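Input: a single structure, listed below in structure tokens.
Residue numbers run from 1 in the order of the sequence given. Small disclaimer: the values here were computed from a predicted structure and weren't measured.
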Amino acid sequence: LVNEVSTSRQHLQAHHQGEYLKWSAANRFASMLPNDMKQQCKDVTLSTQSVLSRQSSLEGHLVERGPTAQYSESIIHETTILWLIETDQPIHALQHPAFTKMVKIASHTKNGIKIPSCRQKCQAVIDLFKTRLLDLHKCFSVSTQFNIDARVLSNVLLQSDAIPG
């Protein structure tokens, strides 16, 4: 009598291991003998630990943020007054729909906003101007006799802005 339940794998390992290993190699079959299974589990555990030890950390990706201004009505009031004075804006500029839209969009950000450079803003204004000019040109181009190339027209208008007077 045996004090444990025996399986055919234990029998194969005990009495026919060489034949089983030849057969499994010939048939490209992974050995399911108990000792081989224990070794496979150890190999998987070691490879998992190896992967975990090589895993990069978040430290290189974290960016330290500077102090953030806390929201309060008095800070908003003071900041808008300073903005009006420093940029020489009329008082009613704060009620302009474009300004309120910009403030609402900026208020929903979690990481602050990045304001584009002057060159980027200038290019965006020029691109918007050209797009609107082309749209107007399409709307009003009734006759081909007076058709003016929109690029030529935009260049003339841009150059005329540069001429003082």
Side-chain angles (χ1 to χ4, degrees), residues 1-80 82-83 86-87 93-94 96-139 141 147 149-155 158:
L1 292 179
V2 178
N3 64 352
E4 61 184 57
V5 178
S6 176
T7 65
S8 61
R9 291 182 190 154
Q10 291 172 331
H11 173 80
L12 284 173
Q13 181 174 304
H15 301 288
H16 310 286
Q17 184 173 3
E19 296 167 29
Y20 176 81
L21 291 176
K22 283 181 191 174
W23 174 85
S24 65
N27 292 298
R28 292 188 219 167
F29 184 78
S31 174
M32 297 294 169
L33 297 177
N35 289 344
D36 293 339
M37 292 298 295
K38 287 178 187 175
Q39 185 60 42
Q40 288 175 15
C41 285
K42 286 180 185 177
D43 292 344
V44 168
T45 304
L46 289 175
S47 68
T48 303
Q49 289 174 349
S50 173
V51 168
L52 291 176
S53 68
R54 286 181 288 154
Q55 184 177 8
S56 62
S57 68
L58 290 174
E59 293 301 319
H61 301 286
L62 298 177
V63 177
E64 189 148 340
R65 295 193 307 183
T68 56
Q70 295 296 320
Y71 174 82
S72 75
E73 291 294 324
S74 62
I75 290 175
I76 292 295
H77 181 73
E78 181 183 333
T79 306
T80 53
L82 287 173
W83 179 78
E86 291 177 12
T87 59
L94 297 176
H96 194 278
F99 180 82
T100 55
K101 180 181 177 182
M102 179 180 63
V103 170
K104 283 181 183 177
I105 291 170
S107 69
H108 293 301
T109 184
K110 290 184 174 70
N111 299 324
I113 59 171
K114 182 180 179 187
I115 298 175
S117 68
C118 289
R119 173 176 274 168
Q120 291 170 326
K121 288 184 277 190
C122 183
Q123 188 61 49
V125 168
I126 290 170
D127 292 344
L128 181 62
F129 174 75
K130 286 182 179 180
T131 303
R132 298 272 170 93
L133 189 64
L134 287 171
D135 291 344
L136 281 174
H137 181 67
K138 288 176 188 173
C139 285
S141 62
N147 240 353
D149 186 13
R151 291 183 186 146
V152 172
L153 183 59
S154 66
N155 286 336
L158 287 174

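- Contact record, R9 with P34: O-CD, 3.8 Å, taken as the closest heavy-atom pair.
- The line from CG of L133 to NE2 of H137 is 8.5 Å long, rounded to the nearest 0.5 Å.
- The line from OG1 of T131 to CG of L136 is 11.0 Å long, rounded to the nearest 0.5 Å.
- Closest approach of A93 and F99 over heavy atoms only: O-CB, 3.5 Å.
- Atom-to-atom distance recorded for D43:CG and D36:CG is 10.5 Å, nearest 0.5 angstrom.
- Using a 4.5 Å cut-off on side-chain heavy atoms (C-beta onward), V103 and T80 make no contact.
- Within the model, atoms CG of L33 and NE2 of H16 stand 11.5 Å from one another, a figure rounded to the nearest 0.5 Å.
- The two residues H108 and K104 have their closest heavy-atom pair at CD2-O, 2.9 Å.
- I105 contributes atom CD1, which lies 9.0 Å from atom CE of M102 (distance to the nearest 0.5 angstrom).
- Looking at Q123 and D127, their side chains do bring a donor and an acceptor atom within 3.5 Å of each other.
- Using a 4.5 Å heavy-atom cutoff, the side chains of Y20 and M32 are in contact.
- With sequence neighbours excluded, the residues forming a side chain to side chain contact (heavy atoms under 4.5 Å, CB included) with L82 are E78, E86, listed by chain and number.
- Counting only N and O atoms by type, the side chains of Q39 and N35 include no donor and acceptor under 3.5 Å apart.
- Between I75 and T79 the shortest heavy-atom distance is O-OG1, 2.7 Å.
- By the 4.5 Å heavy-atom criterion applied to side chains, I115 and K121 are counted as neighbours.
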